[in-house]
Amino acid sequence: MSQEEYNALSEKEKKSYSLTDIVGKAGIEKSMDSTLQGEKGETRIYVNNVGKVIDSEKVTEAKAGNDVYLSIDADLQVAAYNILEEKLAAILLSKMVNRLDYDRSKVTDADAIVIPVGDVYNAFFKNQIIDTGRFAKSNAGATEKRVLEIYSQNEEAAISSVLSELQNENGTAYKDLSDRMQAYLDYVVDTLLTENSKILVKDRIDTNDEMYLAWKNEETISVNRYLSYAISKNWIDTSRLTDYLEGDASYSSASEIYQAIIQYVGDILSDDGAFEKIIYEYMIKEGKITGSQVCRILFEQNILKYNEKQYNQLSSGSLNPYNFIRSKIESLEITPGELGLEPCTGSIVITDPNTGQVRAMVSYPGYDNNRLANTMDSDYFAQLNSMTSSPLYNKATQEKTAPGSTYKPLVSVAGLTEGVIGTGTAISCTGIFDKISPIARCWIYPGSHGSLNVVSAIQHSCNDFFYEVGYRLGTSGNEYNDAYGIERLQKYAEEFGLGDTTGLEITESEPKISDSDVVRSSIGQGTNNYTTAGLSRYISAVANGGVVYNLSLFEKTTDVNGKLVKDYEPEIRNQVEGVADSTWTAVHNGMRRMVTSTSTFNGLGNFELYGKTGTAQQSKTHPNHGLFVGFTGRQGEKDIAFAIRIANGYNSTYPSEIGRDIVRYYYGLDEKDEIVTGHAASLGTVVSGD
């Protein structure tokens with residue numbers, strides 16, 4: 001227990017704890033620590049004048065803590081995790097290309113983004129899978145030693161080029177530098193001088209200053225000119241320089257300050273792990289380290305089980321490193337979570353829609369928390385913190401994105417209940433919605449869906465239809481008012497539990513209901529931002545006809561002898577009010593028809609699954625987020641509802657396949673080893689329209 005944790009306890013709780021106690025630091029172990037902790041015993045010890053124990057007596061017997069039983073189905077949890085990992089590996093393989101570099105700035109279609117194998121090679125360095133510190137040890141392999149030689153030469157050249165650019169009063173404008181030099185200087189200015197040392201004080205910088213804009217936005221000045229100007233504007237904290245360089249507390253001129261900055265940068269870069277990673281990145285991009293060398297190091301460091309034949313084939317060139325890496329990702333000997341490329345993360349929350357209890361909650365990638373318990377594995381913890389896949393961050397309860405078209409069932413309920421559409425209302429999709437500016441387009445543009453009612457609009461995920469619903473929600477009389485529409489739509493988002501956290505007993509991020517642009521908000525864009533857990537609670541309420549439960553991970557608590565202490569009953573947050581049975585029927589029918597009309601789900605036969613896909617755009621230079629929500633019908637106590645998200649997963653086809661395979665596993669529709677294979681899963685045909 002830390003001093004901060006102890007200070008946060010109430011006076012009553014402090015009587016049960018001391019600073020030497022072992023306590024839960026995260027998750028259930030943190031939230032239920034007082035239940036699990038038990039009560040201390042006391043033993044009185046008698047010693048002689050030299051401290052030798054001569055007698056003892058027990059004053060108070062220790063009492064074991066209670067046992068907490070989770071609502072999690074352990075088999076389903078493991079299967080869902082493995083299905084997700086296999087699908088992520090398959091996406092990586094489908095997008096990987098045999099090239100060292102790739103310029104995303106020229107991409108116009110996020111679905112067209114590819115993953116160069118150079119990024120895979122670099123990931124081993126970036127995520128500290130390869131231990132570069134081992135290269136200089138006596139037991140280093142031949143390839144490790146050779147790569148260290150190459151690195152040492154490049155490190156010396158990199159530092160020299162950075163210092164030269166810093167010293168050059170007539171230096172090159174940022175925009176005219178090579179990508180490598182831009183990366184070096186970005187690190188020096190933004191990370192080394194600003195974030196890490198705070199020598200360049202962010203709060204002092206005038207972000208409207210012309211010289212700042214010339215550096216940051218227009219990129220028309222050199223780093224020397226920018227930093228010299230920063231000194232003249234007192235954006236530099238000279239006391240920080242003094243602390244780091246242990247020099248005189250005062251500087252007589254701007255020139256002295258600038259030279260001190262150069263000295264500081266030079267001293268730090270020569271032994272800076274983050275700068276080392278940038279050097280390795282560009283060595284790989286420029287072919288100075290080969291894919292064959294990276295692959296051989298994986299064997300030399302036992303990251304992969306040593307295979308003499310493959311090692312020699314890589315050395316001789318008879319085994320292509322691109323094909324080698326693909327085979328290791330396919331077999332999951334190298335996992336998406338380790339690589340940390342896009343996509344490398346995902347989350348699944350499966351609930352019982354009739355109780356709000358969670359049956360599975362997956363955050364990928366996970367980690368071995370046994371290595372963080374009691375005696376901390378500090379190297380492992382440091383690696384987890386440095387990994388670009390952020391395994392310590394719970395993707396199910398903390399990561400938020402727009403819901404995309406998974407929001408459309410909610411908007412359907414809002415439109416039908418507010419009376420702006422009826423179940424038989426036909427709205428024509430032309431591919432373009434021009435009642436607002438800028439105009440909005442349906443995903444099918446330049447095509448169109450033609451005339452649709454609410455059931456077929458959910459089935460085909462027609463944006464035009466839901467743009468019109470949003471527009472009508474914002475129309476009073478003959479006048480359109482966006483704020484009025486947002487207010488009406490927000491009411492239903494609140495009713496479905498999207499306005500607050502879900503009630504889970506672990507840390508959750510606060511959701512965000514869209515507060516502008518009712519038209520685009522009606523297709524799940526706007527400023528909507530929800531966790532996977534939040535979407536799972538919402539879709540559970542759609543499944544059960546409007547009962548919104550507070551989600552729970554608990555089933556019961558017993559004492560050490562198994563006697564029931566507490567049975568966790570479902571807690572109803574609210575009932576979605578005023579929704580007609582015909583509305584629920586229409587929404588369910590639309591979700592059912594979405595499943596039955598999509599080839600992804602052909603293998604389910606007549607099994608009753610309801611679903612809605614969603615794709616949420618992040619930017620043109622990052623793949624879109626893929627989502628799928630759904631629920632099963634007429635399964636009694638085995639009813640489930642679920643939400644699945646693959647961050648930067650390109651589109652909703654892949655989470656849809658995960659949902660399908662979870663249903664196949666949970667209900668025994670296929671042999672389990674055919675569903676969870678331990679290899680990268682096959683990918684179906686990409687489905688448009690979400």
Side-chain angles (χ1 to χ4, degrees), residues 125-126 132-133 135-136 148-207 209 211-212 214-216 219-283 288 382 386:
F125 293 91
K126 193 172 186 177
T132 57
F135 292 0
L148 178 60
E149 289 177 18
I150 301 169
Y151 171 79
S152 298
Q153 296 165 7
N154 279 267
E155 180 194 40
E156 183 178 348
I159 295 173
S160 176
S161 63
V162 168
L163 296 181
S164 176
E165 200 61 48
L166 287 170
Q167 289 168 335
N168 189 352
E169 294 180 5
N170 300 309
T172 309
Y174 179 90
K175 66 182 180 62
D176 296 326
L177 294 167
S178 67
D179 289 346
R180 174 166 44 81
M181 274 305 299
Q182 287 181 355
Y184 291 166
L185 294 180
D186 283 342
Y187 178 74
V188 167
V189 175
D190 296 338
T191 302
L192 210 58
L193 295 178
T194 306
E195 290 181 20
N196 292 357
S197 67
K198 296 180 174 55
I199 289 170
L200 186 56
V201 185
K202 190 181 295 186
D203 292 343
R204 293 185 188 178
I205 297 172
D206 178 2
T207 55
D209 186 284
M211 195 67 78
Y212 173 81
W215 164 257
K216 202 68 179 175
E219 303 176 350
T220 55
I221 61 172
S222 69
V223 66
N224 179 290
R225 191 173 177 194
Y226 172 65
L227 290 178
S228 296
Y229 185 78
I231 293 169
S232 72
K233 301 298 288 186
N234 197 32
W235 297 348
I236 299 291
D237 184 348
T238 56
S239 68
R240 294 274 181 178
L241 277 172
T242 302
D243 291 343
Y244 286 109
L245 298 176
E246 298 180 353
D248 194 333
S250 62
Y251 297 93
S252 60
S253 67
S255 175
E256 284 189 10
I257 296 172
Y258 196 87
Q259 290 306 310
I261 289 174
I262 293 174
Q263 182 186 340
Y264 167 76
V265 171
D267 289 349
I268 295 295
L269 289 185
S270 61
D271 189 28
D272 186 276
F275 189 65
E276 176 189 88
K277 291 179 182 179
I278 299 172
I279 295 173
Y280 274 113
E281 177 184 351
Y282 281 90
M283 287 171 66
K288 294 175 181 176
S386 70

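Each residue takes its place number in the sequence, starting with 1.
A donor-acceptor contact shorter than 3.5 Å links the side chain of Asn224 to the backbone of Leu166.
Between Met211 and Ser232, the closest side-chain pair of non-hydrogen atoms is not below 4.5 Å. Counting heavy atoms from C-beta on, the side chains of Lys277 and Phe125 never come closer than 4.5 Å. Annotation: side chain of Asp237 is not in contact with side chain of Lys198 (no heavy-atom distance under 4.5 Å). Under the 4.5 Å side-chain criterion, counting only non-hydrogen atoms from C-beta, Leu193 is in contact with Val265. Within the 4.5 Å cutoff, side-chain heavy atoms of Ile261 are placed close to those of Ile231. Counting heavy atoms from C-beta on, the side chains of Tyr280 and Asn154 never come closer than 4.5 Å. With a 4.5 Å cut-off on side-chain heavy atoms, Val223 and Val188 do not count as touching. Residues Thr172 and Met181 have side chains not in contact (no heavy-atom distance under 4.5 Å, counting atoms from C-beta outward).
Here the closest non-hydrogen pair linking Ala183 and Ile278 is CB-CG2, 4.1 Å. Closest non-hydrogen pair, Ala158 versus Ile279, comes out as CB-CD1, 4.0 Å.
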**OP:** Apply side chain to side chain contact (heavy atoms under 4.5 Å, CB included) to Thr194 and Leu200, showing your working.
**Re:** CA-CA 5 Å; Thr194 306; Leu200 186 56; 3.5 Å; yes
**OP:** Decide side chain to side chain contact (heavy atoms under 4.5 Å, CB included) for Asp272 and Tyr187; before the verdict, give the C-alpha distance in whole Å, the side-chain angles of both, and the deciding distance to 0.1 Å.
**Re:** CA-CA 11 Å; Asp272 186 276; Tyr187 178 74; 2.5 Å; yes
Original post:
Yes or no on side chain to side chain contact (heavy atoms under 4.5 Å, CB included) for Tyr212 and Tyr229, after CA distance, side-chain angles and deciding distance?
Top reply: CA-CA 9 Å; Tyr212 173 81; Tyr229 185 78; over 6 Å; no
**OP:** For the pair Leu269 and Leu192, evaluate side chain to side chain contact (heavy atoms under 4.5 Å, CB included) and give the outcome as yes or no after the intermediate values.
**Re:** CA-CA 9 Å; Leu269 289 185; Leu192 210 58; 3.8 Å; yes
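The neighbour count for Glu149 CD, taken as heavy atoms of other residues, nucleotides or ligands under 6.0 Å away, is above 12. With a 6.0 Å radius and a threshold of 12 heavy atoms from other residues, nucleotides or ligands, Glu219 has its CD atom above the threshold.
Atom CD in Gln182 sits 10.5 Å away from atom NZ in Lys175 (nearest 0.5 Å). Atoms CD and OG1, on Glu276 and Thr132 in that order, are 3.5 Å from each other to the nearest 0.5 Å. Rounded to the nearest 0.5 angstrom, Ile268 CD1 and Thr191 OG1 are separated by 13.0 Å. In this structure, Ser197 OG and Tyr264 OH are separated by 4.0 Å, a value rounded to the nearest 0.5 Å. The CD atom of Glu281 sits 10.0 Å away from the CG atom of Asp179 when rounded to the nearest 0.5 Å. With rounding to the nearest 0.5 Å, the separation of CD1 in Ile150 from CD in Glu155 is 14.0 Å.
Every residue two or more places apart in sequence or in another chain that forms a ring-ring contact (aromatic ring centres under 6.0 Å, His included) with Trp215 is listed here: Tyr174, Tyr226.
In this structure, Asp190 pairs ionically with Lys216, as a charged nitrogen and a carboxylate oxygen lie closer than 4.0 Å.
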